[in-house]
Amino acid sequence: MKMNTPYIRTLDANLNRVSEGIRVIEDIFRFEFENSTIIDSLRKLRHNVRNNSQQLTPLLLENRQVHSDPGIAISMHSSMDQRSKHSDIVHANFKRVQEGLRSIEESLKSIKKYDIAKKYEQIRFQIYSIEKQCYLILSGTRKKSFPQTDIYCLTAESLSCGRSNLAVVDEMIQAGIKIIQYREKEKPFGEKYQECMKIREMTLANDVTFIINDHVDLALMTQADGVHIGQTDYPVEAVRALTGDDFIIGISTHAPEEALRAQDSGADYIGVGPIYKTNTKKDVCDPVGHTYLEFAVKNISIPFVTIGGIKEHNLHEVVGRGATCVGIVSEITGADNIGEKIQTIRNKIKDCQT
Ligand code: TZP
Ligand code: MG
């Protein structure tokens, strides 16, 4: 097919500009802030910037004319921008990335590649949301973030072989778990409050992120790190207005549209599931299977927890498909030896990743 060279060259230049801009920000968050959540999100987007237009690579290279580009001469004769602070460099590069993405979209539309243009529009929206997260970190407003970890544990007293939530949480912490959700549907609020106050103490002392299921009021009262909500709960934006920015909000999702919406709404992480049939959650929808997990692995740039019916025996199926953090309830709370079970699961995850 005959292609319009100026649009191809614009596309080529901006794909490079966007990747380079993302890389600059990524390196600052890698070496200066050591923030793995931001690094992972940016890395994923940078790969998508390349992969989404892979089919056009030969065309882009054939049309590249570095020496006759007047933009290069102008750039070589202009003085270097003076940016000293990391925040200035990050800000300037986000703008560069956003402008580049917009230009990519327009070029793709001009050569009638509408489907690919849509993918870059999606990346631009994701970049807006990561820019906000980076800003909050740089300005010192945000101190909490979803930890980089392999297992997300949840409580379930009725599935804990007679052990209390507190005893189970203690074993999870001793086994090195880095994030725990308090999920308790049966008890009166007064009791939940007392338990969460105790768990807050235990998790703070051990640098464990503490999330409370369903109840944003309980999470705020007990100074938990965050709340986990469902699709039919209050909207993420409304919860955020109540909690402020230094608070983790997670939301369960069951389909690609829900995941994309959650990401745009400023959620810090999503639940992806239920992958398999589970009896732990009562109001649960049918299993979503592996296809939705594969979508999330490819397209979601915020952290996500793969959950629902995950056991030692099927772990390899989800980790093999790219799940990096698994949410597990009954397989862990119901284990004879919780510490040993966690270690076994952890080893299996590692084995699948190598
Ligand atoms: N959200 C989606 S499935 C689920 C939750 C809380 C329950 C998962 O429990 P289990 O025992 O690991 O299947
Ligand atoms: Mg809920």
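Both counts, for ligands and for their atoms, begin at 1 and track the order of listing.
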Exercise for the section: Tally every protein N/O/S atom whose distance to the Mg ion (ligand 2) is less than 2.8 Å; waters are neither shown nor counted. Expected result: 1
Exercise for the section: Can you tell me which residue pairs pass the ring pair (Phe, Tyr, Trp, His ring centres under 6.0 Å) test with a partner in residues 269-305, sequence neighbours excluded? Expected result: F146-Y269, Y152-Y269, H228-Y269, Y276-H290
Handout entry: Side chain, backbone, both or neither: V329 near ligand 1, heavy atoms under 4.0 Å
Key = both
Practice task
Just jot down the ligand 1 atoms closer than 4.0 angstrom to any heavy atom of G308, in number order.
Solution key: 3 (S), 8 (C), 13 (O)
Problem - Minimum-distance pair of heavy atoms, taken over all atoms of I38 and Q133 - result: CD1-OE1, 3.8 Å
Completion exercise
Distance col, row K144:NZ vs T209:OG1, nearest 0.5 angstrom, shows 9.5 Å
Completion exercise
For I180 and I177, the nearest pair of non-hydrogen atoms, with its separation, is CG1-CG2, 3.7 Å
Practice task
Using distance alone, determine whether T278 and ligand 1 share an N or O pair under 3.5 Å.
Solution key: yes
Problem - Worked check of salt bridge (charged side-chain N to carboxylate O under 4.0 Å, His left out) between E105 and K118 - result: CA-CA 7 Å; E105 281 166 58; K118 205 81 208 124; over 6 Å; no
Completion exercise
Any heavy atom of R183 under 4.0 Å from ligand 1? The part involved is side chain
Practice task
Looking only at protein heavy atoms, identify the closest one to atom 5 (C) of ligand 1 and say how far it is in Å.
Solution key: K281 CD, 3.5 Å
Problem - E331-ligand 1 polar pair, N/O distance under 3.5 Å - result: no
Exercise for the section: Before signing off on this row, confirm whether G309 and ligand 1 have an N or O atom pair separated by under 3.5 Å. Expected result: yes
Handout entry: For L204, the rest of its hydrophobic cluster, which grows through side-chain links under 4.5 angstrom
Key = none
Problem - Min side-chain heavy-atom separation R124-E99 under 4.5 Å - result: no
Problem - ring pair (Phe, Tyr, Trp, His ring centres under 6.0 Å) pairs, two or more places apart, involving residues 188-214 - result: F189-H215
Problem - Residue pair L15 / R50: nearest heavy atoms and the distance that separates them - result: O-NH2, 3.7 Å
